[in-house]
2 protein chains.
Amino acid sequence: MGALILEPLARPDGMTTHEYAHRRLRQAIMVGSIRPGESLTIRGIAEAMESSPTPVREALRRLSSEGALKVLDNRRIMVPKMTAERFGELIALRAVLEKHAARRAVAHITERQIDRLVEIDKAQDEAIARKDNAAALLLNQEFHRTLYTANPDQIIMPMVESVWLQLGPFLGIAMEHVAQLYFVDRHQEAIAALRKRDADAVAEAINADICEGIGGFERAAIENLLRLARQ
Amino acid sequence: MGALILEPLARPDGMTTHEYAHRRLRQAIMVGSIRPGESLTIRGIAEAMESSPTPVREALRRLSSEGALKVLDNRRIMVPKMTAERFGELIALRAVLEKHAARRAVAHITERQIDRLVEIDKAQDEAIARKDNAAALLLNQEFHRTLYTANPDQIIMPMVESVWLQLGPFLGIAMEHVAQLYFVDRHQEAIAALRKRDADAVAEAINADICEGIGGFERAAIENLLRLARQ
DNA sequence: TATTGATTTTTGTGATCACATTTCCAAAAT
DNA sequence: ATTTTGGAAATGTGATCACAAAAATCAATA
C-alpha cells in the first residue's frame with residue numbers, strides 16, 4: 001500500500017471539501033506527479049488529506065468525467081496509460097480545439113487584455129530563464145486561458161483543460177527523463193496578430209506554439225520515453 | 001416543491017446506483033425534458049428514483065463536469081440558460097469537433113462498420129417517416145457515434161457528447177413550439193465518401209449535416225424560440 | 001398595503017457505518 | 001517449483017445522521 005504523496009495546497013475558505021480534493025488531485029495529475037497505471041484508493045486519498053471517503057469519491061467522479069482518470073471494470077481508479085497513438089490524438093485534438101478557441105476570441109479581446117497577455121508571456125520567459133519548469137508550465141497555461149476566455153460566451157475551455165489534464169502524465173514522464181523541458185514560445189507572434197485583429201494569423205501562431213512545443217516530440221522519441229517509463 | 005418527472009429507465013444489473021442516476025438524468029437533459037433554470041434538488045431526485053443523496057450527488061457532479069448542469073454560488077444546481085450567443089458557440093464547436101472526429105476515423109473504419117452505418121441511417125429514415133422525433137434523434141446520435149468511435153484511439157467522443165448534452169435543452173424548447181423537428185440527412189453523402197476513403201469529403205458531409213440540421217436555425221428564429229420559452 | 005424581522009423548513013455537505021465484492025497472502029495440494 | 005484454495009484484510013458503494021447555510025413562511029411593524 002504505497003502512501004499517496006500530495007503537495008499541500010492552500011484552501012480558500014468557503015471551498016468545500018470535495019472541491020478542495022478535486023483541485024489537489026487535478027494539480028497532481030496536471031503536472032504529472034501521479035504515474036500512469038498507479039491505482040488510487042478512495043480511503044487512501046481521504047486519509048492523505050484528512051477527510052472522509054464521501055467528498056473524495058465526488059472528486060474522483062469529476063476527474064473521471066474530465067478524462068483525467070479511468071474507472072476500470074474492477075471499479076478501481078487509475079491514471080490512464082499513455083501510448084504513442086493516444087499522445088498523437090491528444091496533440092491533434094489540442095491543436096484543433098485551441099485554434100478554434102483562439103479564433104473565436106479575437107473579436108472580443110480588448111487592448112487591456114492583450115497587455116495582460118504580454119505580462120504573462122514576460123513572466124513565463126523569466127521562469128524559463130531560471131529553469132523553473134513548473135512555474136513556466138502554469139504561466140503558459142495562464143496565457144492560453146486568458147486568451148480563450150476573452151470570449152464571454154466561450155464554452156470550449158473545459159475541453160481544452162481536459163486535454164491539458166490528459167497530457168499531464170506524459171509531461172511527468174518526460175520530466176523524469178529529460179530533466180529540462182524545451183519551451184517553444186510563439187506567443188509574441190500571437191500577440192502581434194491579435195493587435196492586428198487577424199484571426200487566421202492568431203490561429204496559426206497558436207497552432208505553431210502547440211505543434212512545435214509539446215507536440216513537437218518525434219514519434220521515435222515518444223516511444224523511447226514511454227518504453228523507459230514502463231520499467 | 002415541483003415533483004421531478006423522470007422517465008423510468010431499464011437498469012442493467014451490475015450497474016451502480018450513481019451510474020443509474022447519472023444515466024437517467026443525462027437522458028432527461030439530452031432530450032430536453034428538464035427546463036433551463038429549473039433547479040434540481042439532491043433529495044428531490046433521490047426520492048424520485050428511490051435512493052439516497054450520496055449516489056445522486058455523484059451523478060450531479062459528473063453532469064456538471066460534463067457541462068450539462070451548472071452549480072450556482074448558492075450551491076444550487078440547474079440546467080444552464082440558453083442564449084442565442086451560447087447556441088451559436090455550441091454549433092460552431094460541434095462542427096469543429098465532429099469534422100475532426102470524422103476525419104480521424106476515416107483511416108480506421110472497416111467496410112463492415114460502414115455497412116452498419118447504412119443500417120442505422122435506414123432506421124433513422126424510418127423513424128423520421130413515422131414522425132418519431134425521439135427515436136430519430138437517438139439514431140442520429142448513434143450514427144455519429146459509430147463513425148467517430150471507429151478510431152480506436154479516439155479521445156474526442158466525451159467532448160462531442162458534452163456538446164450534444166448542452167444542446168439538449170434547446171431541443172426541448174424547439175420541440176415544444178415547433179411540434180415536428182426538421183431533419184437534415186447528409187449521411188448518404190458521408191457514407192459514399194467513406195467508401196472512397198476521402199477524408200475531406202467525409203468531413204464536409206458531416207459539417208453540412210450539422211450546419212444545415214440543428215445548426216441551420218436562423219438567428220431570428222432562435223431568439224424568437226428563446227423569447228417564447230421565457231414566458 | 002408593503003416591508004422588515006424572526007422562526008421554521010428545506011437543502012447541501014461530509015462523517016460514519018454496514019454490506020458485498022475484490023484483492024491479497026499464506027498454507028496446502030499437485 | 002507451481003498451482004490451488006482458504007480466509008483475512010482492504011476496497012467500493014450507498015444509506016443514514018448531524019450540522020450549517022440558505023430559502024421560505026409568517027407575524028409584526030411602518
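Just so it is clear, the values below take in all heavy atoms, side chains as well, and ignore hydrogens, waters and symmetry mates. Because the structure is predicted, anything quoted here is derived from the model rather than measured. Below, chain A is the first sequence line, B the second, and so on; all start at residue 1.
In this structure, N151(A) and E89(B) have side chains that are in contact, with non-hydrogen atoms separated by less than 4.5 Å. Taking 4.5 Å as the limit, every side-chain heavy atom of D153(A) sits out of range of all side-chain heavy atoms of R104(A). The shortest side-chain heavy-atom distance between E161(A) and L165(A) does not fall under the 4.5 Å cut-off.
Heavy atoms from other residues, nucleotides or ligands lying under 6.0 Å from CD of E47(A) number 12 at most.
Between the CD atom of E19(B) and the C1' atom of dG12(D) there is a distance of 13 Å, rounded to whole Å. In this structure, D13(B) atom CG and dT21(C) atom C1' are separated by 15 Å, rounded to whole Å. The separation between I42(B) atom CD1 and dA15(D) atom P is 14 Å, rounded to whole Å. Between the CZ atom of R11(A) and the P atom of dT13(C) there is a distance of 12 Å, given to the nearest Å.
Between the side chains of S65(A) and R62(B), at least one donor N or O lies within less than 3.5 Å of an accepting N or O. Under the 3.5 Å distance criterion, with hydrogens and angles disregarded, no donor-acceptor pair is assigned to the side chains of T54(B) and E58(B).
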- [ ] Would you sort out whether E66(B) and R61(B) count as a salt bridge (Lys or Arg N to Asp or Glu O under 4.0 Å), showing the intermediate values?
- [x] CA-CA 9 Å; E66(B) 289 161 21; R61(B) 301 265 181 255; over 6 Å; no
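Taking 4.0 angstrom as the limit, H18(A) places none of its side-chain polar atoms (N or O) nearer than this to OP1 or OP2 of dT13(C). Between R61(A) and dG12(D) there is no side-chain N or O to OP1 or OP2 distance below 4.0 Å. Neither OP1 nor OP2 of dT16(D) sits under 4.0 Å from any side-chain N or O of S52(B). Between T17(A) and dG14(C) there is a side-chain N or O to OP1 or OP2 distance below 4.0 Å.
Partners of F217(B) by ring pair (Phe, Tyr, Trp, His ring centres under 6.0 Å), not counting sequence neighbours, listed by chain and number: F170(B).
For the segment residues 53-60 of chain B, the set of residues with a heavy atom within less than 4.0 Å of an atom of DNA chain D comprises P53(B), T54(B), P55(B), in numerical order. Remark: N74(B), R76(B) in residues 71-81 of chain B come within less than 4.0 Å of DNA chain D through at least one heavy atom.
Toward the 5' end of DNA chain C, the nearer of the two residues R43(A) and M15(A), judged by each one's closest nucleotide, is M15(A).
Atom CE of M82(B) and atom CG of L226(B) lie 7.5 Å apart (nearest 0.5 Å).
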